[in-house]
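Structure first, commentary second.
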Number of protein chains: 2
Amino acid sequence: MGASKTDHFTEKQNQLAAIAKALGHPARVAIIEYLLSVDSCICGDIVNVLPLAQPTVSQHLKELKNAGIIKGNIEGNAICYCINEETLSILQAFFSHINNHLQNKKSNCCYII
Amino acid sequence: MGASKTDHFTEKQNQLAAIAKALGHPARVAIIEYLLSVDSCICGDIVNVLPLAQPTVSQHLKELKNAGIIKGNIEGNAICYCINEETLSILQAFFSHINNHLQNKKSNCCYII
DNA sequence: TTATTATATTGCAATATTACGATAAAGATT
DNA sequence: AATCTTTATCGTAATATTGCAATATAATAA
(Lines give C-alpha, C1' and ligand atoms only; values in the text may rest on other atoms or scores of the structure.)
Protein backbone atom coordinates (compact mmCIF):
# COMPACT_ATOMS: atom_id res chain seq x y z
CA MET A 1 0.00 0.00 0.00
CA GLY A 2 2.27 2.77 1.21
CA ALA A 3 -0.43 4.82 2.87
CA SER A 4 -0.67 4.80 6.64
CA LYS A 5 -4.01 3.72 8.09
CA THR A 6 -4.35 6.91 10.09
CA ASP A 7 -8.09 6.38 10.56
CA HIS A 8 -7.44 3.50 12.91
CA PHE A 9 -5.32 5.43 15.36
CA THR A 10 -6.15 8.16 17.81
CA GLU A 11 -5.80 11.81 16.94
CA LYS A 12 -3.03 12.09 19.51
CA GLN A 13 -1.11 9.21 18.01
CA ASN A 14 -1.39 10.66 14.54
CA GLN A 15 -0.35 14.07 15.79
CA LEU A 16 2.72 12.76 17.59
CA ALA A 17 3.69 10.64 14.60
CA ALA A 18 3.33 13.59 12.24
CA ILE A 19 5.63 15.77 14.31
CA ALA A 20 8.20 13.00 14.75
CA LYS A 21 8.05 12.19 11.07
CA ALA A 22 8.80 15.78 10.17
CA LEU A 23 11.92 15.60 12.32
CA GLY A 24 12.81 12.29 10.73
CA HIS A 25 15.21 13.59 8.12
CA PRO A 26 18.76 14.81 8.73
CA ALA A 27 18.24 17.89 6.57
CA ARG A 28 15.30 18.92 8.70
CA VAL A 29 17.23 18.28 11.90
CA ALA A 30 20.00 20.43 10.43
CA ILE A 31 17.51 23.19 9.68
CA ILE A 32 16.27 23.18 13.27
CA GLU A 33 19.84 23.25 14.57
CA TYR A 34 20.66 26.13 12.28
CA LEU A 35 17.63 28.06 13.40
CA LEU A 36 18.85 27.61 16.97
CA SER A 37 22.39 28.67 16.18
CA VAL A 38 21.53 31.97 14.52
CA ASP A 39 20.55 34.79 16.74
CA SER A 40 18.29 36.35 14.19
CA CYS A 41 15.44 34.35 12.84
CA ILE A 42 15.81 35.70 9.35
CA CYS A 43 16.99 32.64 7.59
CA GLY A 44 17.43 33.42 3.95
CA ASP A 45 20.83 31.77 3.91
CA ILE A 46 19.68 28.29 4.86
CA VAL A 47 20.22 27.16 1.30
CA ASN A 48 23.92 28.01 1.52
CA VAL A 49 24.29 26.10 4.76
CA LEU A 50 22.75 22.85 3.58
CA PRO A 51 24.22 20.43 1.02
CA LEU A 52 21.01 20.46 -0.98
CA ALA A 53 19.58 22.36 -3.90
CA GLN A 54 17.26 25.29 -3.29
CA PRO A 55 14.03 23.52 -4.31
CA THR A 56 14.86 20.64 -2.00
CA VAL A 57 15.46 22.95 0.93
CA SER A 58 12.25 24.77 0.17
CA GLN A 59 10.44 21.45 0.23
CA HIS A 60 11.91 20.51 3.61
CA LEU A 61 10.97 23.91 5.02
CA LYS A 62 7.45 23.37 3.77
CA GLU A 63 7.22 20.05 5.55
CA LEU A 64 8.50 21.52 8.79
CA LYS A 65 5.94 24.28 8.45
CA ASN A 66 3.10 21.88 7.66
CA ALA A 67 3.96 19.91 10.76
CA GLY A 68 3.90 23.15 12.74
CA ILE A 69 7.51 22.80 13.84
CA ILE A 70 8.52 26.10 12.32
CA LYS A 71 6.49 29.18 11.62
CA GLY A 72 7.24 32.17 9.48
CA ASN A 73 6.03 35.29 7.84
CA ILE A 74 6.95 37.10 4.68
CA GLU A 75 9.58 39.81 4.99
CA GLY A 76 9.99 41.53 1.69
CA ASN A 77 11.47 39.08 -0.74
CA ALA A 78 12.71 36.85 2.01
CA ILE A 79 11.03 34.55 4.45
CA CYS A 80 11.48 34.74 8.18
CA TYR A 81 11.31 31.32 9.76
CA CYS A 82 11.69 30.32 13.36
CA ILE A 83 10.94 27.44 15.67
CA ASN A 84 7.40 26.97 16.94
CA GLU A 85 7.86 26.05 20.56
CA GLU A 86 4.25 24.99 20.99
CA THR A 87 4.53 22.10 18.59
CA LEU A 88 7.78 20.81 19.97
CA SER A 89 6.31 20.93 23.45
CA ILE A 90 3.85 18.25 22.35
CA LEU A 91 6.72 15.86 21.75
CA GLN A 92 8.33 16.91 24.99
CA ALA A 93 5.15 16.11 26.87
CA PHE A 94 5.17 12.68 25.30
CA PHE A 95 8.67 12.05 26.55
CA SER A 96 7.80 13.24 30.04
CA HIS A 97 4.92 10.80 29.96
CA ILE A 98 7.28 8.02 28.98
CA ASN A 99 9.75 8.96 31.68
CA ASN A 100 7.14 8.99 34.39
CA HIS A 101 5.97 5.52 33.47
CA LEU A 102 9.44 4.09 33.21
CA GLN A 103 10.54 5.47 36.56
CA ASN A 104 7.51 4.03 38.32
CA LYS A 105 8.08 0.67 36.73
CA LYS A 106 11.83 0.08 36.88
CA SER A 107 11.49 -2.60 34.25
CA ASN A 108 13.58 -5.62 35.01
CA CYS A 109 13.16 -7.64 31.84
CA CYS A 110 14.76 -7.28 28.45
CA TYR A 111 18.15 -7.10 30.09
CA ILE A 112 19.65 -9.08 27.23
CA ILE A 113 20.27 -7.10 24.02
CA MET B 1 15.77 10.04 -6.02
CA GLY B 2 14.07 9.09 -2.78
CA ALA B 3 17.26 8.35 -0.88
CA SER B 4 18.40 10.76 1.80
CA LYS B 5 21.87 12.20 1.35
CA THR B 6 22.94 11.03 4.78
CA ASP B 7 26.64 11.37 3.88
CA HIS B 8 26.32 15.12 3.88
CA PHE B 9 25.03 15.42 7.40
CA THR B 10 26.66 14.88 10.76
CA GLU B 11 26.44 11.57 12.58
CA LYS B 12 24.40 13.29 15.27
CA GLN B 13 21.93 14.68 12.77
CA ASN B 14 21.49 11.30 11.13
CA GLN B 15 21.08 9.62 14.50
CA LEU B 16 18.44 12.07 15.68
CA ALA B 17 16.60 11.83 12.38
CA ALA B 18 16.62 8.02 12.47
CA ILE B 19 15.09 7.94 15.95
CA ALA B 20 12.48 10.55 15.08
CA LYS B 21 11.66 8.77 11.86
CA ALA B 22 11.04 5.52 13.70
CA LEU B 23 8.52 7.35 15.88
CA GLY B 24 6.99 8.89 12.79
CA HIS B 25 4.17 6.42 12.32
CA PRO B 26 1.00 6.21 14.40
CA ALA B 27 1.27 2.43 14.71
CA ARG B 28 4.72 2.76 16.22
CA VAL B 29 3.55 5.49 18.58
CA ALA B 30 0.72 3.16 19.56
CA ILE B 31 3.20 0.36 20.21
CA ILE B 32 5.25 2.58 22.50
CA GLU B 33 2.11 3.68 24.34
CA TYR B 34 1.04 0.09 24.73
CA LEU B 35 4.42 -0.92 26.09
CA LEU B 36 4.04 1.83 28.66
CA SER B 37 0.52 0.82 29.63
CA VAL B 38 1.24 -2.84 30.32
CA ASP B 39 2.97 -3.64 33.55
CA SER B 40 4.69 -6.68 32.14
CA CYS B 41 6.96 -6.21 29.19
CA ILE B 42 5.91 -9.46 27.60
CA CYS B 43 4.08 -8.15 24.61
CA GLY B 44 2.89 -11.08 22.59
CA ASP B 45 -0.55 -9.60 22.30
CA ILE B 46 0.43 -6.45 20.50
CA VAL B 47 -1.04 -7.84 17.33
CA ASN B 48 -4.48 -8.05 18.93
CA VAL B 49 -4.26 -4.48 20.13
CA LEU B 50 -3.35 -2.90 16.80
CA PRO B 51 -5.61 -2.60 13.76
CA LEU B 52 -2.98 -4.19 11.54
CA ALA B 53 -2.10 -7.66 10.34
CA GLN B 54 0.59 -9.67 12.11
CA PRO B 55 3.29 -9.25 9.47
CA THR B 56 2.76 -5.51 9.46
CA VAL B 57 3.07 -5.29 13.21
CA SER B 58 6.17 -7.43 13.09
CA GLN B 59 7.64 -5.02 10.55
CA HIS B 60 6.91 -2.01 12.74
CA LEU B 61 8.47 -3.75 15.72
CA LYS B 62 11.54 -4.46 13.64
CA GLU B 63 11.89 -0.82 12.73
CA LEU B 64 11.54 0.28 16.33
CA LYS B 65 14.19 -2.26 17.26
CA ASN B 66 16.53 -1.19 14.46
CA ALA B 67 16.25 2.38 15.63
CA GLY B 68 17.08 1.20 19.16
CA ILE B 69 13.81 2.48 20.58
CA ILE B 70 12.78 -0.92 21.87
CA LYS B 71 14.87 -3.87 22.86
CA GLY B 72 13.90 -7.45 23.40
CA ASN B 73 15.00 -10.99 23.95
CA ILE B 74 13.54 -14.31 23.03
CA GLU B 75 11.34 -15.96 25.64
CA GLY B 76 10.30 -19.38 24.47
CA ASN B 77 8.13 -18.95 21.44
CA ALA B 78 7.34 -15.38 22.31
CA ILE B 79 9.31 -12.19 22.19
CA CYS B 80 9.75 -9.87 25.13
CA TYR B 81 9.97 -6.28 24.04
CA CYS B 82 10.37 -3.16 26.10
CA ILE B 83 11.36 0.45 25.73
CA ASN B 84 15.04 1.32 25.49
CA GLU B 85 15.38 4.40 27.64
CA GLU B 86 18.88 5.16 26.42
CA THR B 87 17.76 5.82 22.88
CA LEU B 88 14.83 7.98 23.84
CA SER B 89 17.11 10.00 26.08
CA ILE B 90 18.98 11.09 22.95
CA LEU B 91 15.84 12.76 21.67
CA GLN B 92 15.16 14.22 25.08
CA ALA B 93 18.63 15.75 25.16
CA PHE B 94 17.91 17.35 21.81
CA PHE B 95 14.77 18.93 23.16
CA SER B 96 16.57 20.21 26.25
CA HIS B 97 19.12 21.76 23.92
CA ILE B 98 16.33 23.43 21.97
CA ASN B 99 14.68 24.68 25.12
CA ASN B 100 17.85 26.19 26.48
CA HIS B 101 18.44 28.11 23.30
CA LEU B 102 14.89 29.33 23.01
CA GLN B 103 14.73 30.53 26.59
CA ASN B 104 17.95 32.51 26.21
CA LYS B 105 16.69 34.08 23.05
CA LYS B 106 13.05 34.97 23.65
CA SER B 107 12.51 35.28 19.94
CA ASN B 108 10.42 38.27 19.01
CA CYS B 109 9.94 37.70 15.30
CA CYS B 110 7.64 35.39 13.43
CA TYR B 111 4.74 36.66 15.49
CA ILE B 112 2.45 36.46 12.50
CA ILE B 113 1.22 32.96 11.63
C1' DT C 1 6.63 -37.25 16.26
C1' DT C 2 2.92 -34.33 15.08
C1' DA C 3 0.14 -30.52 15.93
C1' DT C 4 -0.16 -25.94 17.80
C1' DT C 5 1.20 -21.33 18.70
C1' DA C 6 3.78 -17.18 17.99
C1' DT C 7 6.84 -14.37 15.51
C1' DA C 8 9.73 -13.48 11.28
C1' DT C 9 10.57 -13.29 6.40
C1' DT C 10 9.43 -13.08 1.50
C1' DG C 11 7.20 -11.14 -2.37
C1' DC C 12 4.47 -7.87 -4.25
C1' DA C 13 1.29 -3.87 -5.13
C1' DA C 14 0.07 0.82 -3.87
C1' DT C 15 1.60 4.97 -2.28
C1' DA C 16 5.00 8.33 -0.26
C1' DT C 17 9.38 10.56 0.00
C1' DT C 18 13.51 12.64 -1.72
C1' DA C 19 16.02 15.28 -4.88
C1' DC C 20 16.68 18.47 -8.52
C1' DG C 21 16.21 21.06 -13.09
C1' DA C 22 13.13 24.18 -15.03
C1' DT C 23 10.10 27.60 -14.25
C1' DA C 24 7.03 30.76 -11.81
C1' DA C 25 6.02 34.42 -8.47
C1' DA C 26 6.94 38.56 -6.09
C1' DG C 27 9.33 42.11 -3.80
C1' DA C 28 13.73 44.95 -4.32
C1' DT C 29 17.01 47.48 -7.09
C1' DT C 30 18.55 50.02 -10.91
C1' DA D 1 9.95 49.37 -16.90
C1' DA D 2 13.74 46.01 -16.82
C1' DT D 3 16.57 43.36 -13.97
C1' DC D 4 18.02 41.12 -9.90
C1' DT D 5 17.23 38.33 -5.91
C1' DT D 6 14.90 35.08 -3.25
C1' DT D 7 11.55 31.60 -2.40
C1' DA D 8 7.85 28.50 -4.22
C1' DT D 9 5.93 25.23 -7.40
C1' DC D 10 5.86 21.84 -11.19
C1' DG D 11 7.35 17.79 -13.33
C1' DT D 12 9.77 13.74 -13.06
C1' DA D 13 13.01 9.96 -11.82
C1' DA D 14 14.83 7.08 -8.17
C1' DT D 15 14.09 5.07 -3.97
C1' DA D 16 11.54 4.10 0.46
C1' DT D 17 7.53 2.94 3.09
C1' DT D 18 3.30 0.61 4.14
C1' DG D 19 0.40 -3.27 4.23
C1' DC D 20 -0.81 -7.97 3.72
C1' DA D 21 -1.14 -12.91 1.94
C1' DA D 22 1.68 -16.69 1.83
C1' DT D 23 5.21 -19.00 3.82
C1' DA D 24 9.05 -19.99 6.94
C1' DT D 25 10.96 -20.61 11.51
C1' DA D 26 11.12 -22.16 16.12
C1' DA D 27 9.61 -23.32 20.58
C1' DT D 28 5.86 -25.65 23.07
C1' DA D 29 2.06 -29.03 23.75
C1' DA D 30 -0.25 -33.13 22.63
Side-chain angles (χ1 to χ4, degrees), chain A residues 1-9 13-14 17-18 20-31 34-35 40-67 70-82 110 113, chain B residues 1-9 13-14 17-18 20-31 34-35 40-67 70-82 110 113:
Chain A
M1 303 267 168
S4 303
K5 299 175 94 181
T6 49
D7 303 355
H8 300 145
F9 298 99
Q13 286 164 345
N14 284 318
K21 189 176 185 180
L23 286 175
H25 191 288
R28 296 195 285 268
V29 171
I31 289 172
Y34 180 72
L35 277 172
S40 159
C41 83
I42 296 160
C43 2
D45 47 353
I46 276 190
V47 175
N48 304 320
V49 176
L50 293 174
L52 296 169
Q54 180 268 324
T56 309
V57 174
S58 185
Q59 204 173 320
H60 283 306
L61 287 169
K62 191 179 175 184
E63 265 171 79
L64 283 170
K65 197 171 180 184
N66 283 341
I70 62 175
K71 55 186 175 179
N73 47 306
I74 295 163
E75 295 238 334
N77 66 342
I79 283 281
C80 168
Y81 281 125
C82 66
C110 299
I113 285 183
Chain B
M1 303 262 167
S4 303
K5 300 176 96 180
T6 49
D7 306 354
H8 300 147
F9 297 99
Q13 286 164 346
N14 284 318
K21 189 177 184 178
L23 286 175
H25 191 289
R28 297 196 285 268
V29 171
I31 289 172
Y34 180 72
L35 277 173
S40 159
C41 84
I42 295 160
C43 0
D45 48 352
I46 276 188
V47 175
N48 304 321
V49 176
L50 294 174
L52 297 169
Q54 181 268 324
T56 308
V57 173
S58 185
Q59 202 174 323
H60 283 305
L61 287 169
K62 191 180 175 184
E63 266 171 78
L64 284 171
K65 197 173 181 183
N66 283 342
I70 62 174
K71 54 187 176 180
N73 47 309
I74 295 163
E75 297 236 335
N77 66 345
I79 283 281
C80 169
Y81 280 124
C82 67
C110 300
I113 282 185

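Throughout, a chain's letter reflects where its sequence line sits, starting with A, and its residues are numbered from 1.
- Considering only side-chain N and O atoms, B/Lys21 lies nowhere under 4.0 angstrom from the phosphate OP1 or OP2 of D/dA16.
- Sorted by first and then second residue, the salt bridge (Lys or Arg N to Asp or Glu O under 4.0 Å) pairs involving residues 50-62 of chain B (not counting sequence neighbours) form an empty list.
- One atom, CG of A/Leu64, and another, P of C/dT17, lie 13 Å apart when rounded to the nearest Å.
- The distance between atom CG of B/Asn48 and atom P of C/dA6, rounded to the nearest whole Å, is 9 Å.
- With sequence neighbours excluded, no residue forms a side chain to side chain donor-acceptor pair (under 3.5 Å) with A/Gln59.
- Every side chain to side chain contact (heavy atoms under 4.5 Å, CB included) that A/Ala67 has, sequence neighbours left out, goes to A/Ala22, A/Ile69.
- Going from atom CZ of A/Phe9 over to atom P of D/dT18 covers 11 Å, rounded to whole Å.
- Annotation: side chain to side chain contact (heavy atoms under 4.5 Å, CB included) contacts of A/Ala53 (sequence neighbours excluded): A/Pro55, A/Thr56.
- Every side chain to side chain donor-acceptor pair (under 3.5 Å) that A/Ser4 has, sequence neighbours left out, goes to B/His25.
- Contact annotation: A/Tyr81 does not reach the phosphate of D/dT6 (side-chain N/O to OP1 or OP2, under 4.0 Å).
- For the pair A/Ile31 CD1 and C/dT18 P, the interatomic distance rounds to 11 Å; values are reported in whole Å.
- Closest approach to the A/Ala3 side chain among D/dT18, C/dA19, C/dT15 is made by C/dT15 (side chain taken as heavy atoms from C-beta onward).
- If you measure from atom CG of A/Leu23 to atom C1' of C/dT18, you get 17 Å, rounded to the nearest angstrom.
- Whole-Å rounding puts the B/Asn66 CG to D/dA16 P distance at 15 Å.
- Closest to the A/Ser4 side chain, of the nucleotides D/dT17, C/dT18, D/dG19, is D/dG19.
- Remark: C1' of D/dT18 and NE2 of B/His25 are 6 Å apart, rounded to the nearest angstrom.
- Taking CD1 of A/Ile70 as the reference point, atom CG of A/Leu64 lies at 5.0 Å (rounded to 0.5 Å).
- Proximity of B/Leu50 to B/His60: side-chain heavy atoms (C-beta onward) are nowhere separated by under 4.5 Å.
- For the segment residues 54-62 of chain A, the set of residues with a heavy atom within less than 4.0 Å of an atom of DNA chain D comprises A/Gln54, A/Pro55, A/Ser58, A/Lys62, in numerical order.
- A/Ile46 has its CD1 atom 15 Å from the C1' atom of D/dA8, to the nearest Å.
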